[in-house]
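First the structure, in the form of structure tokens, and then the observations on it.
If you're wondering where the values come from, they're calculated on a predicted model, not measured in any experiment. Start at 1 and go down the list; that is how both ligands and their atoms are numbered.
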Amino acid sequence: MKVAIIGQGYVGLTISAFAGQCHEVVGFDSNAQIVEQLNRGVSHIEGVSSMVIEGLVKSKTYRATSNPADISDCEIIVIAVPTPLTVDRKPDLSFIDAACKTIAQNVAKAALIINESTSFPGTLRGYIKPSIEKYSGSELQHMYSISPERVDPGRFEYNQKNTPRLYSGLTLEASEKTREFYSSFCDELVEVSSPEVAEAAKLFENTFRQVNIALVNEFAQITNSLGISVYETLDAASTKPYGFMKFTPSAGVGGHCIPVDPTYLAAVAEEHGAPATFIRLANEVNLEMSKYIVSRVVLDNGGSLKGKSVLVVGVAYKPNVADVRETAAELVIEHLRSQGAVVSWHDEVVGNWKGESSAPLHGADISVVVTKHDSVDEKMILASAPYVFDTTGKVKGARGL
Ligand SMILES: NC(=O)c1ccc[n+]([C@@H]2O[C@H](COP(=O)([O-])OP(=O)(O)OC[C@H]3O[C@@H](n4cnc5c(N)ncnc54)[C@H](O)[C@@H]3O)[C@@H](O)[C@H]2O)c1
């Protein structure tokens, strides 16, 4: 099959790498720099090796492009563009809208359009299909389906092949063709009765994590007030073989999914007059965690951080990735600076961020560990400052949650 994948970021490039093994893939991205890099065989995404991309480019089963005309003869179009929040924290479908326009104005024959971008239930039926029809003047009768992406960057044991894939088409024919496409590189396909179920399932998976992370973050504050270890208590609770799932405390949630997706669910709940109390509360607790951490550091350091050099260790939103989207480190740094601290950060996986570069891992008055990459030595963290506060539970001997 000839497949176009709109968006060559974390999701789109990962699918391209798998689909390119068995189909002819055109990776369409509006960012010309990414396109040029990919056509040289250089991957910009952890988990997708440059060797794989180079191999696909050489074998001519994959090429990246910024020219929308290149998708004209594709029979399958996968949408994998960002679905962020607007400044007032509402679902922002502007990237989906732009992708719909590109598809409508360039795809020249009836195709199967699959949405992999995360969005609220009803997006495929009530937004994507009408948008494409609006922009194309309904000249072609496309098929539509949804298959929400579940990839977790940096997790190697689960990938596109062995992570079960949910899907549902707007028609039986769309469902069948979607199954045919994904079964060429995915072991387990799970069909659900409507696109809305698939869309809601994806949002609930991430909301489940958001709420449980908030719960354990609150629990860490309770155990600290009781003078007991949150980690020992969680290990003790984890000995129960059923009905318990361990989550660990942190500086907050980050990345493109956990801080964003639940808000999509809350927005649709609001629209339908249903409650989203847990979602809103969990969001609040997770956002407040950075303030709590800084208050603990202030308390341990004589009540003031004025003029003290503070090194934030790890600014990526999670270990072993360079992704800083929605990272909790941003709020931690903001609160430290508002307390008068002179803040720098160390993260060689990220390298450069917000016009600043990674600082050396030594010589600070205080170090606050937000993310611990495997490549960062525990002993070096401990030696980086006379006082080290660890929010990850991975630096033994440091103060922590
Ligand atoms: N990153 C994850 O771990 C993850 C996991 C599951 C689902 N998702 C969802 O997948 C979707 C994509 O996320 P991502 O992490 O891959 O985003 P990303 O920012 O890594 O990549 C998106 C790419 O799309 C390109 N793009 C934007 N608008 C475009 C347009 N109109 N036409 C062509 N290209 C365009 C951008 O240049 C970028 O390269 C989002 O809905 C996200 O919520 C992400």
Side-chain angles (χ1 to χ4, degrees), residues 4-18 26-39 42-48 53 64-71 74 77-85 91-107 113-120 123-124 127-128 131-132 135 146-156 158-160 163-166 198-199 201-207 209-210 253-265 316-318 320-327:
I5 299 178
I6 315 291
Q8 291 292 284
Y10 281 88
V11 167
L13 191 64
T14 308
I15 311 159
S16 297
F18 277 83
V26 178
F28 175 78
D29 201 291
S30 46
N31 184 327
Q33 201 183 334
I34 287 179
V35 165
E36 186 270 326
Q37 207 176 310
L38 289 170
N39 284 331
V42 179
S43 165
H44 61 296
I45 299 294
E46 300 102 5
V48 179
I53 298 301
T65 182
S66 280
N67 180 3
D70 291 342
I71 70 167
C74 291
I77 322 285
V78 178
I79 301 174
V81 296
T83 43
L85 297 174
D92 175 1
L93 295 192
S94 59
F95 295 92
I96 295 256
D97 188 63
C100 288
K101 201 171 189 177
T102 301
I103 294 166
Q105 294 175 345
N106 293 282
V107 176
I113 297 164
I114 307 172
N115 181 35
E116 287 217 19
S117 293
T118 308
S119 187
F120 48 80
T123 302
L124 183 74
Y127 193 90
I128 292 178
S131 295
I132 292 177
Y135 290 126
I146 171 92
S147 183
E149 182 49 61
R150 293 165 140 177
V151 69
D152 183 9
R155 185 184 290 276
F156 296 109
Y158 285 105
N159 54 37
Q160 297 285 330
T163 305
R165 185 167 270 284
L166 298 177
E199 290 165 326
K202 166 70 193 178
L203 291 186
F204 189 66
E205 288 163 18
N206 284 345
T207 302
R209 284 174 63 197
Q210 178 226 28
V253 291
H256 189 53
C257 295
I258 313 292
V260 175
D261 298 355
T263 305
Y264 271 68
L265 191 55
Y317 86 88
K318 70 173 185 178
N320 310 323
V321 300
D323 195 344
V324 286
R325 289 180 292 182
E326 308 273 336
T327 175

Taking atom types as modelled, find out whether T14 and Q160 have a side-chain donor-acceptor pair closer than 3.5 angstrom.
->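 Not at all, the side chains of T14 and Q160 share no donor-acceptor pair under 3.5 Å.
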
How about N67 and T65: does a side-chain donor come under 3.5 Å of a side-chain acceptor?
->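 Looking only at side-chain atoms, T65 and N67 do not form any donor-acceptor pair under 3.5 Å.
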
With sequence neighbours left out, write down each residue that passes salt bridge (Lys or Arg N to Asp or Glu O under 4.0 Å) with R325, or none if nothing qualifies.
->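 Salt bridge (Lys or Arg N to Asp or Glu O under 4.0 Å) list for R325, sorted by chain: D323.
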
List for me each residue that meets salt bridge (Lys or Arg N to Asp or Glu O under 4.0 Å) alongside E46, sequence neighbours excluded, and say none if there are none.
->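 Checked E46 against salt bridge (Lys or Arg N to Asp or Glu O under 4.0 Å); zero matches.
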
Criterion side-chain contact (heavy atoms from CB on, under 4.5 Å) against I79, the qualifying member of I146, I114, I5, I113 |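 So the option named by the test is I113.
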
What residues form a side-chain hydrogen bond (donor to acceptor under 3.5 Å, both in side chains) with T123, not counting sequence neighbours?
->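 So T123 forms a side-chain hydrogen bond (donor to acceptor under 3.5 Å, both in side chains) with S119.
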
Under a 4.0 Å heavy-atom cut-off, what residues line ligand 1?
->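 The 4.0 Å shell around ligand 1 contains I6, G7, Q8, G9, Y10, V11, F28, D29, S30, N31, I34, A80, V81, P82, T83, F95, A98, A99, S117, T118, E149, V151, P153, K202, H256, C257, R325.
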
